[in-house]
Each structure stands twice: as structure tokens, then as C-alpha cells.
Amino acid sequence: MINGENMYDKFIPMTKKEMDEQGIEQFDFIYVTGDAYVDHPSFGAAIVTRLIEAMGFSVGIISQPDWRSDRDFRRFGAPKYAFLVTAGNIDSMVAHYTAAKRKRSDDAYTAGGMAGKRPDRAVIVYCRKLREYFGDIPIAIGGLEASLRRFAHYDYWDDAVRPSVLVDSGADLLMYGMGEHQIQELCTRLANGENICDIHDIRGTCYMTEPVNTPIGAAQCPSFEQVRDNKREYAKATKIQYDWQDEVYGKTVIQRHGNMMLVQNPPAKSLTTEELDYIYSLPYTRRYHPSYEALGGVPGIEEVRFSITHNRGCFGYCNFCSIALHQGRRVTVRSEGSVLAEAERITKMPDFKGYIHDVGGPTANFRHTSCEKQLDKGLCMGKKCLAPAPCPALKADHTEYLALLRKIRAVKGVKRVFIRSGIRYDYLMEDKDSEFIRELIKYHVSGQLKVAPEHCSAAVLDKMGKPHIEAYKAFQKRFYEITKGIGKEQYLVPYLMSSHPGSTLKEAIDLALFLRDNKIRPEQVQDFYPTPGTISTSMFYTELDPYTMEKVYVPKTPKEKAMQRALLQYFRPQNRELVLEALKKAGRYDLIGSSPNCLVEDISADSNKGGDKSWHGGKNRTKRISECPRQGKDRTGGRSKGTAQAARPQRKKRGKPKV
């Protein structure tokens with residue numbers, strides 16, 4: 001039902017009472033999720049369940065079931081067609097543990113921010129419980145955890161290679177990537193009477209089969225046993241998996257697991273503009289379920305409550321980011337009319353104060369493919385559009401995005417429109433027209449603009465798949481020139497990463513000097529987090545670059561990682577001993593002393609009772625940089641940071657849809 005403000009107020013049933021009130025005797029599908037239920041299009045659960053509902057099926061949600069008993073799993077009984085299982089917006093292990101493997105004390109995707117409401121490896125646990133209680137009922141899995149663990153993968157928390165999550169969970173089918181096409185076809189075919197064990201031809205899905213049934217012409221990865229026992233084979237498998245993740249030329253990819261074969265069908269086609277518009281027109285309430293109100297609500301919605309996602313996909317293709325393997329590199333967008341309609345709906349929300357928090361996506365300023373040929377030839381295999389330098393075929397144009405932002409600013413009730421989900425400054429600087437950067441700085445920055453140079457060392461940036469630091473320096477210079485010219489006090493907040501593969505103590509010291517010279521004092525920094533499925537995680541585990549097979553230095557010991565992290569905050573008294581140890585180990589005694597060019601003095605605690613007199617560096621402190629792990633990006637990560645429906649390096653507190 002629609003209320004007087006043209007806003008929908010009916011949630012997908014989450015309780016037996018709601019099921020009865022809607023007159024449903026048996027659900028067609030039951031969606032089991034590791035997150036609290038938030039009916040907002042930045043959450044995969046909302047998109048999938050609303051889409052199933054729009055197809056005419058009944059669907060119920062079991063949110064964060066207690067896996068220690070059968071009560072929650074049996075709440076609705078068995079579905080008519082299938083259980084659909086996801087860990088939630090981010091990997092459950094990332095949700096539970098920091099990059100140092102310490103247990104988190106909170107969870108942005110749980111009511112009240114409480115930790116411990118989902119199990120470790122939630123997809124596996126939920127599926128096994130469903131098998132125990134319901135036998136051979138069809139089970140399909142999806143979401144970020146399933147998607148990025150679809151092949152044999154290195155698991156940072158076990159420090160070992162695990163088989164495909166399809167094997168460990170015992171599910172019948174795995175849907176990877178953004179799953180709208182897959183879920184539509186699967187629901188239709190199950191309702192038509194097909195057996196889920198026979199559905200082996202849906203793009204964007206994986207299944208297990210006997211080797212005799214393996215499709216002809218597939219790209220074969222080294223087997224689970226080979227990648228488990230041989231790191232070179234693991235690196236080879238990584239390259240094969242990434243090379244064929246393209247919706248135009250992508251092949252079926254296979255990987256043997258014991259006496260069975262894992263088959264990954266080619267990626268699903270990206271949604272068209274019309275299809276995206278339809279997805280965002282579904283009747284989301286844009287709120288968490290009312291049952292969470294007494295607990296203070298779900299923190300994860302706060303970043304996205306008044307935000308708009310206008311695009312999907314990212315041709316930036318950073319190695320530590322899982323977007324390429326999950327959401328894809330091809331950029332697709334919503335229409336101007338669809339975005340404006342959402343902006344108008346937001347203005348009618350009772351707690352809206354006039355501020356649109358974000359108009360973005362995985363990368364806010366991507367509004368079209370990076371070049372013309374991608375539409376019929378796909379993205380270049382093994383190459384990047386922006387790194388180490390922009391491709392000559394790159395088409396950098398912000399005309400359409402700028403026009404969209406102008407129209408949103410003109411919507412009645414909108415006071416300001418901000419961009420918070422991340423700008424690719426290297427792409428922006430390739431645009432010969434300066435109109436966008438000027439309006440970005442004048443109208444769309446709320447005192448600070450977050451950008452992601454990540455490091456300053458060319459050697460490290462090459463392993464990250466990022467542009468060299470000269471691109472950031474050029475943008476930084478232009479940003480402050482324009483900011484000063486319009487009489488505003490605004491700052492860049494750089495995301496920085498320590499201990500990424502390729503970073504020795506020398507590179508970490510170079511980054512500390514870059515921060516010193518640019519008067520940047522980050523309040524928080526981020527250690528590299530080896531989350532499942534990324535190229536950087538492959539480097540971390542194998543100490544090989546999967547595209548060159550060259551050796552890569554990897555800081556792995558807690559002590560070295562602590563030293564690299566401390567160097568990024570060399571100005572903090574509590575980091576003094578670690579910084580001293582790192583400088584001495586690297587032979588950089590020239591940086592120890594009281595000179596302004598030094599990072600730290602070598603003085604005893606007793607001689608420094610008069611205060612923090614020995615610390616040098618810039619006067620300008622950057623605002624807080626998220627400590628949340630970057631996968632996606634939910635930099636989740638949420639995270640992630642904005643509105644992106646991406647698998648960005650999971651910056652934990654960002655509510656992003658992982659369909």
C-alpha cells in the first residue's frame with residue numbers, strides 16, 4: 001500500500017504474524033540473510049526480495065537466524081520452491097574480524113550495532129542447517145561471500161586454501177555477481193517444474209557436476225588440490241579466473257574438486273538502463289524493519305538513507321578490490337528520469353533535512369564505458385583503463401554526470417547535494433573540460449573530499465593496480481587552487497593503505513615522508529586486508545604476481561605490519577618505539593633527530609615529560625579515515641562508502657548492495 005506521501009510502507013514478511021496478515025500459507029521462496037533486514041536498494045536483500053515479489057511470487061525473510069537451534073530456520077516451514085541464502089552485504093569473516101584478526105566489537109549491519117548475530121562463514125553454516133532440517137530441498141546461494149568464494153580460495157583467517165563455498169555449503173547452485181538476471185530466470189524455471197539439479201545453463205551461476213558432464217571449450221583452472229598444494233598453481237588459477245570475467249568474451253571456467261567438477265558459467269549480462277530503472281522503482285520503504293526500533297535501528301542505513309546510486313561497475317579495476325570479480329568492470333547507469341524520481345521521493349521522507357548525501361556508485365564520476373569498443377568487444381583482457389597510466393582510448397567526459405547533478409540540485413526541497421562514494425581523480429584529470437571539477441568543489445564537497453591515492457611508491461601502486469602518485473599530486477594542486485579561488489576552506493582526505501604486497505619498509509618510509517611533506521596527518525589508516533578472491537590476496541598468499549609470475553615482497557609478520565602502519569602515523573607518541581625500530585632496521589638514521597626533516601627523536605620516556613615536543617610534521621590534520629576493511633570497498637566494506645552496489649574492499653560501515 002502507498003501512503004499519502006507516495007512512499008511504500010509494507011515490508012517483506014519477516015515474522016509468522018506478518019505472513020498470516022498477508023494471507024500467505026506457504027512462501028514460494030524463503031530468503032535467509034546474515035544481516036538485519038533493511039528495505040533499501042543499497043542492500044542486496046531488499047533488491048532480491050522486492051524483485052521476486054514483483055514477479056508475482058511470495059517471499060519471506062529469515063534475518064540473522066540463531067544457528068544454535070532450529071527455531072528460526074523452521075519459522076515459516078519449507079518454501080514451495082527454494083531457500084535463497086546469503087551472508088549479507090559483506091563477507092561474514094570481514095564483518096567479524098579486523099585486518100589483525102581481532103574480533104570486532106560492533107556490526108553495522110545488525111540492529112543496535114551488536115556483534116555476534118551471525119556465525120563465522122555464515123553461508124556454509126546456514127546451508128548446513130537447512131540441509132539438516134529440510135533434507136534435499138533446493139538451496140541457492142549468492143551475495144558477496146558466496147560470489148568471491150566460488151573458486152578454491154585462500155582464506156586469510158584459516159591461513160589456508162579452502163575449496164569452493166559450493167562444496168563446503170552443500171548448496172545446489174551459486175549465483176555470483178549482481179544477481180537480478182539470475183534470480184529472475186531461476187525463480188521462473190523452478191516454478192515451471194524444473195529440478196534445480198538440472199539447471200546448468202544460467203549465466204552468472206556455478207554448479208558442481210561429474211567430470212564426464214564438463215562443458216566442452218571451457219577454460220580450466222588448476223584443481224583445488226593443485227592450488228592448495230602449490231602456490232604457483234594458485235597464481236595461475238587467479239589469472240585464468242580474472243581473464244575470463246567479461247560478459248562479452250568470457251568463457252565457462254572449470255576447476256576440479258576431487259571427483260567433482262566446479263563449473264562457472266560466463267558472467268551475467270549487465271543490466272540495461274531500462275532494467276536498472278525498473279529495479280530502483282520497486283516499492284522499497286527505505287527503512288529498517290520496525291522490529292529493530294527498540295534496539296536503536298540498524299547503523300548501516302545511516303550512510304545511505306538519503307543517498308542515490310546512479311551507476312554500477314567500475315573500470316578502475318584495483319587489484320585489492322573485488323568489483324571486477326563480483327560486479328564487473330563494465331559501467332552501466334540509470335536514466336536521468338529514474339535518478340530524479342528517487343531524489344524527489346527522498347525529499348518527501350519525514351526526516352529529510354534537504355541534504356542528498358551522495359549521488360554515486362562504485363566510482364561516483366563514471367557515467368559511461370571507458371571507451372567505445374567495450375560494448376561489442378568487451379574490456380581488454382589483462383589490462384587496465386587507468387593504470388599505470390590512462391589508456392589512449394579512454395573517453396573522459398563528465399558532461400552527463402554534471403547535468404544530472406545540476407538537475408538534482410534544482411529539485412524542490414534539496415538544499416545541497418554531496419558526493420561521498422569516491423571520485424577517480426585520475427579519470428577526472430583526463431577530462432579537458434574543467435567545468436566538472438569546478439562545480440564539484442563549489443557545490444558537492446562537504447568540507448572534505450575523500451580520494452584514494454593509497455600509496456606514493458610506484459612499485460607498490462603497480463601491485464595495487466593504481467595510477468602513480470603524480471596523478472594525485474596534479475589533482476591535489478588543482479583542488480586547492482580552485483578551493484582558494486572560490487574562498488572556501490576545504491580539504492582532501494586521502495585513503496592510505498599499509499602493508500600491501502610490494503611494500504617493504506623502504507616504501508613505508510617513503511609514504512611517511514610523503515605525508516610529512518604534504519602536511520597530512522591521518523587520524524586512521526588501513527592495513528591491507530587479504531579478503532577472498534582479489535588479485536592482491538593472491539599476491540599475499542603466493543608472493544607471486546599472477547600476471548608476471550615475478551616474486552613479490554609481502555609483509556606478513558604482525559611486527560612488520562605494525563611498523564608499516566605506525567610509520568603512517570609517525571607523529572603519534574604511542575608509535576614512537578615502532579617508528580624508531582623501523583627506521584633503524586631500514587638504516588634511515590637520517591630521519592631520527594630533532595630536525596624538522598626528521599620523523600622522530602630517539603629520546604627516553606623520562607626526558608619527554610614536558611610534553612610532545614619532538615614530533616614534527618604538518619599542521620593540518622586530515623579528518624577521520626575509515627579503518628573499516630576494504631575488500632568491495634564494504635571499503636565496506638562498507639566499505640563502501642557511499643552508495644555503491646559494489647564489492648569494493650569491504651569498508652565495513654557502508655551499506656552497499658551485494659545482490
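This chain uses plain numbering: 1 for the first residue, then up along the sequence. Hydrogens, waters and symmetry mates are skipped; everything else that's a heavy atom, side chains included, is used.
- Annotation: cation-pi geometry satisfied between R409 and Y443 (NZ/CZ under 6.0 angstrom from ring centroid, within 45° of ring axis).
- Side chains of D107 and H96: no donor on one and acceptor on the other come within 3.5 Å.
- Counting only N and O atoms by type, the side chains of D433 and H398 include no donor and acceptor under 3.5 Å apart.
- Between the side chains of D243 and Y547, at least one donor-acceptor pair of N or O atoms lies under 3.5 Å.
- Judged by distance alone, the side chain of Q526 and the main-chain N or O of Y495 form no donor-acceptor pair under 3.5 Å.
- Proximity of a side-chain donor or acceptor of R329 to a complementary backbone N or O of D246 within less than 3.5 Å is not detected.
- Panel note: side chain T542, backbone S538; a donor-acceptor pair is recorded below 3.5 Å.
- E145 places a side-chain N or O within donor-acceptor distance of the main-chain N or O of A122, the cut-off being under 3.5 Å.
- Between K463 and E507, none of the side-chain N atoms (NZ, or NE/NH1/NH2) sits under 4.0 Å from a carboxylate O, so this pair counts as no salt bridge.
- Residues passing the side chain to side chain contact (heavy atoms under 4.5 Å, CB included) test with K395 are H368, E372, sequence neighbours excluded.
- A donor-acceptor distance shorter than 3.5 angstrom exists from the side chain of Q245 to the backbone of Q241, with no hydrogens or angles considered.
- A salt bridge links R118 with D35: the distance from a Lys NZ or Arg NE/NH1/NH2 to an Asp or Glu carboxylate oxygen falls below 4.0 Å.
- Residues R521 and L515 have side chains not in contact (no heavy-atom distance under 4.5 Å, counting atoms from C-beta outward).
- In this structure, R367 is not positioned above the aromatic face of Y401 in the sense of NZ or CZ being under 6.0 Å from the six-membered ring centre and within 45° of the axis.
- Side-chain N or O atoms of D426 include none that pairs as donor or acceptor with a backbone N or O of P467 at under 3.5 Å.
- Evaluation of the salt bridge (Lys or Arg N to Asp or Glu O under 4.0 Å) rule for R334 yields E342 as partners, not counting sequence neighbours.
- Around atom NZ of K103, more than 12 heavy atoms belonging to other residues, nucleotides or ligands sit under 6.0 Å away.
- Under a 4.0 Å N-O distance rule, the pair R478/E481 qualifies as a salt bridge.
- For A389, there are no side chain to side chain contact (heavy atoms under 4.5 Å, CB included) partners two or more places apart in sequence or in a different chain.
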